[in-house]
Amino acid sequence: MKIDRLPGFREFYPDECALRNHLFRTLRKVARNFSFQEYDAPVLEPLDLYIEKSGPEIVGQLFNFEDKGGRSVSLRPEMTPSLARMVGSQAGSMRRPIKWFSIGEQFRYERMQKGRLRSFYQFNADVLGEEGVGADAELVTLLIACLQGLGLNESHFHVRLSDRNLWYLFLESKRFTENQISGILGVVDKSERMSPEKLRAALCGIIDSSKVDSLLENICEIKALDELDKVRDYFSEFRDSEAIQKRLENWGSLFDSLEAMGVLPFISVDLSIVRGLAYYTGFVFEAFERSGKSRALAGGGRYDNLVGKLTPGSDMTATGFAIGDVTLVECLKTHELLPKYLDSQDLYVVIGGPQERLTGLGIVGAFRKLGFSVSYSLKDQNLKKQLKDASQRNARLAIIVGSDELDQGMVLIKDMVNRKEVKVSMENLVRSVDAFFTDGKL
RNA sequence: GUGGAUGUAGCUCAGUUGGUUAGAGCAUCGGUUUGUGGUACCGAGGGCCGCGGGUUCGAGUCCCGUCUUCCACCCCA
């Protein structure tokens, strides 16, 4: 009986696995470069962890079930709740700021479409225990460095930066209630893909209809602010709101940091970004392809209340982001930024015939002990076949162990790229190969 | 969860208005007389035509169901 894999789950054949490892390797390197520490957490968690964070509606998107002990559990749909628990329960004893990252598989029970499967990997980076904009700047910079590390530059992507706190203060100054504010922000989040009539209708359901027109106007104005100076100008009329003025100072300070770090060209001010769920409390950002075609490459923001909510008594400010692998790989593909030879080896030992086989195996073993990646034919084959194999497996050098040369205590080293061949004695073999891999000369 | 499409060798696809043993290219493996590689030529393996029903003398082809994949909504931590 043929048994298919579960819908939305992925198998990684060697090429795809090599690609995945390339991504992870690069992201790890950049994260360490920023002195973030790697952590990991369970793949399976109590269902309540996610309900507590996001509300009961979330269960519809979870890969959840009951285990044999009758516990309601769920595969993790994201890393943040587990992170918040880990940090929260040791909060008192951890040196701050806490700069952590992880790379892990996440699961969501959803209908699949382009860029969205039921299983995917996320790179997560978070800074906890630092409330200043220094943490926000560090994360935005890290996000940009991660994408740059994979070969993307400012012509490929940008980071749209917004501020949920500024929205909140603005709407508060317009005397909307807490509930209305979160409703309005939900509408702002969808406004890009909503017709004006629907937008109006949605707002009518939340606030007094007499206020809808002026609010719609405000929303349009604010969404149009695409530079720091315009944001400053627009909100400078709120002189009486100390909070808004202080917030503008934060903006200035954040931009100064981003400029000093050399990432300002990647930043687009865009207050239409407010991110779906309500727990974000400050700066939020999403990375997009410049073309604007595909879904977000990455997203994140500040969530100062979440740790305390999940671990009462351990309040801790936090900000973080996640990069998903599916959209990222799509993006790298369209820009032809995937490495060509992910699978290759240093050496292929070509064995002339049955008489030379054991000598050849000795050479294979010796080079493997020295740390080279070495391949060879597992059965006797003629030279032609073996060289073809070596070439198709992207071996850099072939070592040809033939009877004629062996009689003189020699072997041939062949550069598989430019087809040059030299004869060296067995004693000099290791030295010659070493030399080739250090200075590229045979 | 709603709606629309899709499904034929490992991959990309042909397959006439239903009609004999279902085809091609690429890939794989073997060979072109046993010491030199991405080319050329020859050959081979490999398909319950997604699965299950139905209509028919006869179904890859038509009908229904189901699953898969894809697209749009919903949602997007």
Side-chain angles (χ1 to χ4, degrees), chain A residues 1-11 13 15 45 49-55 57-63 74-84 106-118 120 122 124 126 186 189-190 192-194 198 273-280 284 286 295-296 298-301 303 306 310 320-324 326-327 341 348 350-356 377 379-407 411-421 423:
Chain A
M1 175 158 63
K2 192 193 172 197
I3 300 177
D4 293 319
R5 69 197 197 300
L6 289 168
F9 283 78
R10 292 191 285 168
E11 293 169 319
Y13 285 77
D15 282 350
E45 292 275 16
L49 181 64
Y50 304 113
I51 294 177
E52 185 65 24
K53 185 210 165 201
S54 310
E57 318 80 51
I58 198 67
V59 178
Q61 341 263 356
L62 293 180
F63 209 106
S74 174
L75 290 170
R76 64 183 179 203
E78 58 167 331
M79 217 52 189
T80 311
S82 308
L83 167 70
Q106 320 290 137
F107 306 88
R108 296 178 189 176
Y109 198 90
E110 293 186 291
R111 267 306 241 292
M112 288 99 63
Q113 49 187 282
K114 196 179 186 68
R116 196 162 74 173
L117 304 167
R118 286 185 176 176
F120 55 95
Q122 270 189 348
N124 273 258
D126 295 86
D189 183 45
K190 291 184 183 103
E192 245 175 312
R193 43 182 192 277
M194 251 178 162
K198 277 195 168 178
I273 301 280
V274 293
R275 312 260 317 142
L277 260 68
Y279 67 86
Y280 284 107
V284 292
E286 294 184 340
R295 60 178 61 234
Y303 52 99
L306 190 65
L310 290 175
F321 72 84
I323 306 176
V326 181
T327 316
Y341 295 117
Y348 190 108
V350 174
I351 297 166
Q355 313 297 327
E356 292 77 37
S377 174
K379 64 180 180 189
D380 291 323
Q381 281 184 310
N382 61 35
L383 287 208
K384 193 174 183 144
K385 280 260 189 287
Q386 293 185 65
L387 280 165
K388 186 176 176 181
D389 195 37
S391 144
Q392 290 191 334
R393 291 179 195 279
N394 303 313
R396 193 63 189 79
L397 289 182
I399 296 174
I400 302 174
V401 186
S403 53
D404 294 353
E405 293 80 10
L406 215 50
D407 289 345
V411 292
L412 295 170
I413 302 177
K414 178 161 191 159
D415 183 330
M416 294 302 286
V417 173
N418 62 26
R419 300 182 175 226
K420 268 186 191 154
E421 202 169 88
K423 197 192 276 190

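Order of the sequence lines fixes the chain letters, A, B, ..., with proteins taken first and strands second; residue numbering starts at 1 for each chain.
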Among G37(B), G35(B), U69(B), which nucleotide has an atom closest to any side-chain atom of Pro7(A)?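 In terms of side-chain proximity for Pro7(A), the closest of G37(B), G35(B), U69(B) is U69(B).
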Reckon Lys114(A) has a side-chain N or O less than 4.0 Å from the OP1 or OP2 of U69(B)?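 So the side-chain polar atoms of Lys114(A) never come under 4.0 Å of the phosphate oxygens OP1 or OP2 of U69(B).
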Rounded to whole angstroms, how far apart are CD on Gln392(A) and P on G37(B)? 12 Å
Quick check: on RNA chain B, is the nucleotide nearest Met416(A) upstream (toward 5') of the one nearest Lys53(A), or the reverse? Name the residue that is more 5'.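 Its nearest nucleotide being more 5', the pick is Met416(A).
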Using the C1' atom as the point on both nucleotides, what is the distance between G47(B) and A22(B), in whole Å? 8 Å
Assess whether one donor atom and one acceptor atom, taken from the side chain of Gln386(A) and the base of U36(B), lie less than 3.5 Å apart. no
Quiz question: by atom type and distance under 3.5 Å, do the side chains of Ser82(A) and Glu45(A) form a donor-acceptor pair? yes
Rounding to an integer number of Å, can you tell me how far Asp407(A) CG sits from G35(B) C1'?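 Atom-to-atom, Asp407(A) to G35(B), this comes out as 13 Å.
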Should the side chain of Lys414(A) and the base of U36(B) be counted as holding a donor-acceptor pair, with the cut-off at 3.5 Å? yes
Starting from P on G37(B), measure out to CG on Leu397(A) and report it in whole angstrom.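 The distance from CG of Leu397(A) to P of G37(B) comes to 17 Å, rounded to the nearest Å.
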In whole angstrom, what separates Glu57(A)'s CD from C74(B)'s P?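 Between P of C74(B) and CD of Glu57(A): 17 Å.
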What interatomic distance, in whole Å, is found between C1' of C11(B) and the corresponding atom of A77(B)? 36 Å
Atom P, compared across C67(B) and G25(B): separation rounded to whole Å: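 One P to the other, the span is 38 Å.
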Distance, P atom - from G52(B) to A9(B), rounded to whole angstrom: 16 Å
Looking only at atom C1', what distance separates U16(B) and G38(B), rounded to whole Å?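 Their C1' atoms lie roughly 40 Å apart.
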Can you find a donor-acceptor N/O pair under 3.5 angstrom joining the side chain of Arg116(A) to the base of C75(B)?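 Such a pair exists between side chain and base.
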Would you say the side chain of Arg108(A) and the base of A77(B) hold a donor-acceptor pair, judged only by whether the two atoms sit under 3.5 Å apart? yes
Would you say that Gln113(A) contacts Arg295(A) through its side chain, given a criterion of any heavy-atom pair below 4.5 Å between the two side chains? yes
Checking only heavy atoms, does the side chain of Arg295(A) share a donor-acceptor pair with the base of C76(B) at less than 3.5 Å? yes
Phosphate OP1/OP2 of U36(B) contacted by Arg419(A) side-chain N/O (<4.0 Å):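 For U36(B), neither OP1 nor OP2 has a side-chain N or O of Arg419(A) closer than 4.0 Å.
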For the pair made of NZ in Lys385(A) and C1' in U28(B), what is the distance, rounded to whole Å?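 Distance check: Lys385(A) NZ to U28(B) C1' gives 12 Å.
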C1'-based separation of A14(B) from G53(B) [nearest Å]: 28 Å
Closer than 4.0 Å, any side-chain N/O of Lys379(A) to the OP1 or OP2 of G30(B)?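 Yes, because at least one side-chain N or O of Lys379(A) sits under 4.0 Å from OP1 or OP2 of G30(B).
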Given the C1' atoms of U20(B) and C57(B), what is the spacing between them in whole Å?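 The answer is 14 Å between these two C1' atoms.
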C1' atoms of A44(B) and U68(B), separation to the nearest Å: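 Those two atoms are separated by 32 Å.
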